[in-house]
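First comes the structure, then the notes that go with it.
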Amino acid sequence: MAYEGILLGMGNPLLDISAVVDDAFLDKYDIKLNNAILAEEKHLSMYDEMSSKYEVEFIAGGATQNSIKVAQWMLQIPGATSYMGCIGKDKYGEEMKKDSTAAGVNVHYYEDEAAPTGTCAVCVVGGERSLIANLSAANCYKSEHLKRPENWALVEKAKYYYIAGFFLTVSPESILLVAEHAAANNKVFMMNLSAPFICEFFKDAQEKVLPYMDYVFGNETEARTFSRVHGWETDNVEEIALKISKLPKASGAHKRITVITQGADPVVVGEDGKVKLFPVILLPKEKLVDTNGAGTL
């Protein structure tokens, strides 16, 4: 029972529409590999085109929900993890609930009456992927849902919190409520930089939450964008990881640890004024399916 609800995640629940596409498709929709962006008007027709032109796979996901499902699988204790986000009242939303519940996650979705469940195109070429998210209902999450007694009880029960930076585009107020609770109660609050555009275009919202982050995750591209946006004038990932770990904290209960992945290159960990490198076990190229899910922590 000690593990019940120990980890809480909040984020954008999205139904992944995944397919191996070709370079012509990427060019048509101005898509760059190894990137994650929000869908614009020019992208809206690509979802139907993917479904009609390629062999697609539908996967209940979204960066935070994926991470929570993996944590749930690792813990092997039903209900050890909880998750909140917004879905639509439609068949995709029902599939999302069914999938996450089957995985053992205690999901408390806010169901929007008007917007459809969010989707994310996963375009794979040569094993590399690009993500184009059409948030739809995921963009409609309200902090009022978080404040409901049955949902806030999940916050109070948890000892660890994980939220992807993508949620900064949806409900920064909800993130701060959870972050402040964590700091006041000596709990562990974790976030991910998530994408270069988050560091660049949602810098102010990110900076408000940074003091509460006990763990900061990201990849080398996001770290370098973070550095540039903050005027640090360095592309050295080890330096950046260390500088992030030294930024001011709201609570002295936990030190900040920064974890930066670099694909096949060593993982960089900055803490206590030092940098540690952890080598990655190389996977033979013939065993690589695609990079979707890699780095979604």
Side-chain angles (χ1 to χ4, degrees), residues 6-11 34 36 63-64 66-68 70-71 74 158-169 172 175-281 294-297:
I6 195 168
L7 171 63
L8 171 65
M10 296 181 69
N34 296 310
T64 304
N66 282 338
S67 298
I68 295 298
V70 170
M74 292 174 72
K159 294 181 181 178
Y160 301 88
Y161 308 90
Y162 175 74
I163 303 175
F166 293 120
F167 204 51
L168 287 167
T169 72
I175 297 174
L176 275 172
L177 285 170
V178 174
E180 288 165 356
H181 170 85
N185 292 276
N186 296 333
K187 297 178 178 182
V188 177
F189 183 78
M190 303 171 281
M191 281 196 76
N192 200 308
L193 300 178
S194 289
F197 83 89
I198 298 291
C199 303
E200 193 159 8
F201 301 113
F202 293 86
K203 176 176 178 278
D204 292 346
Q206 190 180 61
E207 284 191 334
K208 285 181 183 176
V209 190
L210 258 168
Y212 298 95
M213 297 183 199
D214 299 307
Y215 284 81
V216 178
F217 299 97
N219 66 29
E220 75 279 27
T221 309
E222 295 151 6
R224 287 176 178 136
T225 302
F226 186 97
S227 175
R228 176 175 56 79
V229 166
H230 285 79
W232 287 351
E233 297 183 349
T234 178
D235 271 347
N236 185 295
V237 174
E238 294 179 34
E239 284 182 35
I240 296 166
L242 205 54
K243 286 174 80 74
I244 292 174
S245 71
K246 291 179 177 179
L247 289 171
K249 289 198 84 244
S251 164
H254 306 284
K255 62 187 177 184
R256 179 182 292 116
I257 297 174
T258 309
V259 181
I260 306 296
T261 61
Q262 304 184 97
D265 292 329
V267 176
V268 177
V269 177
E271 62 173 313
D272 288 335
K274 298 175 185 175
V275 168
K276 296 177 185 175
L277 299 178
F278 294 87
V280 173
I281 299 170
T296 58
L297 284 178

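Here the structure is a predicted model, which means the values were calculated and not measured.
Under a 3.5 Å cut-off, the side chain of Asn185 and the backbone N or O of Lys187 do not form any donor-acceptor pair. Side-chain atoms of Ser227 never come within 3.5 Å of backbone atoms of Ala223 as a donor-acceptor pair (strictly under, hydrogens ignored). At distances below 3.5 Å, not a single donor-acceptor pair connects side-chain atoms of Glu207 with backbone N or O atoms of Asp204.
For Glu180, there are no side-chain hydrogen bond (donor to acceptor under 3.5 Å, both in side chains) partners at least two apart in sequence or on another chain. Residues passing the side-chain hydrogen bond (donor to acceptor under 3.5 Å, both in side chains) test with Lys249 are Asp214, sequence neighbours excluded. Taking the side-chain contact (heavy atoms from CB on, under 4.5 Å) definition, one finds that Ala253 meets it with Asn186, Ser251, sequence neighbours left out. In terms of the side-chain hydrogen bond (donor to acceptor under 3.5 Å, both in side chains) criterion, His254 has no residue partners (sequence neighbours excluded). When the side-chain hydrogen bond (donor to acceptor under 3.5 Å, both in side chains) test is applied to Gln262, no partner is found at least two apart in sequence or on another chain. In terms of the ring pair (Phe, Tyr, Trp, His ring centres under 6.0 Å) criterion, residue partners of Phe226 (sequence neighbours excluded) are, by chain and number, His230, Trp232. For Thr258, the side-chain contact (heavy atoms from CB on, under 4.5 Å) criterion is met by Val216, Ala241, Ile244, Ser245, Arg256, Ile260, not counting sequence neighbours.
Taking all atoms of both residues into account, the shortest heavy-atom contact from Ser194 to Gly165 is OG-N, 2.8 Å. Smallest separation of non-hydrogen atoms from Ala179 and Val209: CB-CG1, 4.4 Å.
For Lys159, the NZ atom is loosely surrounded, since the number of other residues' heavy atoms within 6.0 Å does not exceed 12.
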- Query: Could you go step by step and tell me if Glu222 and Asn219 meet the side chain to side chain contact (heavy atoms under 4.5 Å, CB included) rule?
  - Reply: CA-CA 5 Å; Glu222 295 151 6; Asn219 66 29; 3.2 Å; yes
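By the 4.5 Å heavy-atom criterion applied to side chains, Phe217 and Thr261 are not counted as neighbours. Annotation: side chain of Met213 is in contact with side chain of Leu210 (closest heavy-atom distance under 4.5 Å). With a 4.5 Å cut-off on side-chain heavy atoms, Ile175 and Phe189 count as touching.
Aromatic ring pairs are classed by plane angle as parallel below 30°, tilted from 30° to 60° and perpendicular above 60°; the pair Phe197 and Phe166 is tilted.
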Return all side-chain donor-acceptor pairs below 3.5 angstrom for residues 263-278, not counting sequence neighbours, or 'none' if the list is empty.
unit_1: Glu271; atom_1: OE1; unit_2: Lys255; atom_2: NZ; d: 2.8
unit_1: Asp272; atom_1: OD2; unit_2: Lys255; atom_2: NZ; d: 3.0

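Between Met190 and the choices Val259, Leu7, Ile163, the side-chain contact (heavy atoms from CB on, under 4.5 Å) rule is met once, by Leu7.
Expressed to the nearest 0.5 Å, how far OG1 of Thr221 lies from CG of Leu193 amounts to 11.0 Å. Rounding to the nearest 0.5 Å places NZ of Lys243 at 8.0 Å from OG1 of Thr234.
The salt bridge (Lys or Arg N to Asp or Glu O under 4.0 Å) analysis of residues 224-242, with sequence neighbours excluded, yields the pairs Glu200-Arg228.
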